Structures are given as C-alpha cells and as structure tokens.
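These numbers were taken from a predicted model, which means no experiment stands behind them.
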Amino acid sequence: MRHTLPETPAGSRGGIRVPRWMGVTGGLAVLNLCWLAASLPLVTALPATVALQRAMNRWLDEDETRLAAAFVREFRAGLRGWLPLGAGVVALTGCGSLALSFWLAVARPALAVPALAVLVSLLLLGAAWVTVLVTVAGTRPGCRPRELSGPVLRVLVAAPGRVAALLVLGATWLALMSTVPGLGITFGASLPAFVAHRQLHTVTRRPPELPTSDPLPAARIHSPRTPLDSA
C-alpha cells in the first residue's frame, strides 16, 4: 500500500522525490476541497461523504492518483441512491439540535436530565450508525443504503470500541476546527475519512469469495459399459 504521489524514476532529469507526508497531505487537501464543493447544498453532504470515502479507498488501496476525477465519478454514481437518506440525515440532525437546545434550557432537572440522557444516547447511536454506514459504503462501491444494513450491524457488534474511539476523535476534531477554522477548509472531512479507513478497514471490507470447485463436465464422466448396454 503506497501513500505517495507518483515519483519520477531515479536517474531521470529533473527528478524530484516527493516525501510521503507531502503526498498524503496533498491528497487529503484535494479530496476535502472536492467534498466541500459537493456539500454546499447540505442535502448532498451524505452522498459527498460516501464519494469521499470511496475515493479514499481507491487512493489508499488501489493507488489511484487522479483523486478529483475519482471523487466526481463516485459522487455522480451514488448521488441518486444516497440523496434521500442524506436529506433525512440533515432533517434529523436539525431536529436533534433543536431538541438538545430545548432540554438544555429547561430549568427543572427532574425532567431535563432523563430527557437529555435519552436524547444524547439516540444522537450518539445515530452518529455511530452513519459513521459505520459511510465506512462500509466505501468498501462496497455501487451499493445503496438498504443493502448495507447487515454489514453495518456486524461492524457495530464486532468492533464497538473502534467505533466509540472514532466518535471521540470526531468530537475532538470538531472542537479543534472551531478553534482553528482553517483546518476545516483543508482537512475537515478528509482527515476523519482517512482515520476511519485505517481503523475500520479490516472490519468493513468485503470478505473474499471462496473458490468453488466446478463439477466435472459431463463429457469427462464415463460410466462403465455393461453387456446389457451393447445388447
């Protein structure tokens, strides 16, 4: 697995060896700019995130070098299938934020504390589901959301610690971006996608298909002839 930009062969004129960290940084910046442009209508944020994860997988696993072209190709291919769920996620996120702000303003702790506990638990569960869904979709190009419920559930059961760690890292990254806004423009979505790929790739990738032994052709199967057959 390579994480470098294409290098000029040694011995060629003007050959410049690109450090690995520069290749990774440049790739993350390119993918994040593509994601920002595709997410401007908000309802396309989820399709753009899926396209980002799939382009990330092509880059890290298949040595794809045309990252912007890979992102555009994946975004166009998955827009129709992921747009309804993207609109639903935006609506639920808005409703959850309003409900959270409402219960935080309630002055009666006997009512606010249980409601906040349930609401925060639901929000965390939804965030975990979306995180794993996007990561699983990155390893299964062409699949729609309804086809990924089983793999998502298996990942949540098999690696809850990794998913929880991703949520903590994501919250920390959001807090850091609120302090340094320039990080969001450069690596806002691409860095979490990179971390998710490294943390969940072994759990979310499609298992290899086992080779099946083909039955012997009928022409190769010869039954012994008996005297009754020739009679």
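Leu167 is not connected to Leu125 by any chain of hydrophobic side-chain contacts under 4.5 Å among Ile, Leu, Val, Met, Phe, Trp and Tyr, and they are in different clusters. Connection of Val24 to Leu183 is established within a shared hydrophobic cluster, with ILVMFWY side chains joined at heavy-atom distances below 4.5 Å, either directly or through further cluster members. Residue Trp129 is not grouped with residue Leu124 when hydrophobic side chains (ILVMFWY) are merged at heavy-atom distances under 4.5 angstrom, including chains of intermediate members. Val180 and Met177 end up in the same hydrophobic cluster when Ile, Leu, Val, Met, Phe, Trp and Tyr side chains are linked at under 4.5 Å. Linking Ile, Leu, Val, Met, Phe, Trp and Tyr whenever their side-chain heavy atoms come within less than 4.5 Å puts Leu111 and Leu119 in one cluster.
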Please walk me through it: do Glu74 and Val50 pass side chain to side chain contact (heavy atoms under 4.5 Å, CB included)?
CA-CA 8 Å; Glu74 296 294 345; Val50 174; over 6 Å; no
Working for side chain to side chain contact (heavy atoms under 4.5 Å, CB included), residues Val30 and Phe71:
CA-CA 10 Å; Val30 169; Phe71 178 89; over 6 Å; no
Derivation and outcome, side chain to side chain contact (heavy atoms under 4.5 Å, CB included), residues Asn32 and Leu52:
CA-CA 8 Å; Asn32 194 71; Leu52 170 65; 5.7 Å; no
Stepwise side chain to side chain contact (heavy atoms under 4.5 Å, CB included) test for Leu191 and Thr186
CA-CA 9 Å; Leu191 186 59; Thr186 311; over 6 Å; no
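By the 4.5 Å heavy-atom criterion applied to side chains, Phe194 and Leu31 are not counted as neighbours. Side-chain contact between Phe187 and Trp173 is present, with heavy atoms from C-beta onward closer than 4.5 Å. Counting heavy atoms from C-beta on, the side chains of Thr135 and Val155 never come closer than 4.5 Å. Residues Thr93 and Leu123 have side chains not in contact (no heavy-atom distance under 4.5 Å, counting atoms from C-beta outward). Contact check for Thr172 versus Leu176: no side-chain heavy atoms found under the 4.5 Å cut-off. Between Val120 and Trp103, the closest side-chain pair of non-hydrogen atoms is not below 4.5 Å. Under the 4.5 Å side-chain criterion, counting only non-hydrogen atoms from C-beta, Leu148 is in contact with Leu133.
Nearest heavy atom pair, residue Gln53 against residue Ala196, reads OE1-CB, 4.4 Å. Looking at every heavy atom in both residues, Ala48 comes nearest to Ser39 through CB-OG, 3.4 Å. Heavy atoms only, all atoms of each residue included: Trp82 and Ala137 are closest at CZ2-CB, 3.6 Å. Nearest heavy-atom pair across Pro47 and Gly86 is CD-CA, 4.5 Å. Here the closest heavy-atom approach between residue Pro114 and residue Ala110 is recorded as CD-O, 3.3 Å. Closest heavy-atom contact between Pro160 and Val157: CD-O, 3.5 Å.
In this structure, the separation between CG on Leu174 and CG on Leu169 is 11.0 Å, given to the nearest 0.5 Å. Note that CE of Met56 and CG of Asp61 are 11.0 Å apart. Values are rounded to the nearest 0.5 Å. Summarising the geometry, atom OG1 belonging to Thr139 is positioned 9.0 Å from atom CZ belonging to Arg54; distances are rounded to the nearest 0.5 Å. Put simply, OG on Ser190 and CG on Leu28 are 4.5 Å apart, with the number rounded to the nearest 0.5 Å. We find the NE2-CG distance between His197 and Leu60 to be 4.5 Å, quoted to the nearest 0.5 Å. Rounding to the nearest 0.5 angstrom, the gap separating the CG atom in Asn57 from the CD atom in Glu64 is 12.0 Å.
Using a cut-off of 4.0 Å between Lys/Arg side-chain N and Asp/Glu carboxylate O, Arg140 and Glu147 are scored as not salt-bridged.
The backbone N or O of Gly81 sits nowhere less than 3.5 Å from a side-chain atom of Arg144 that would complete a donor-acceptor pair.
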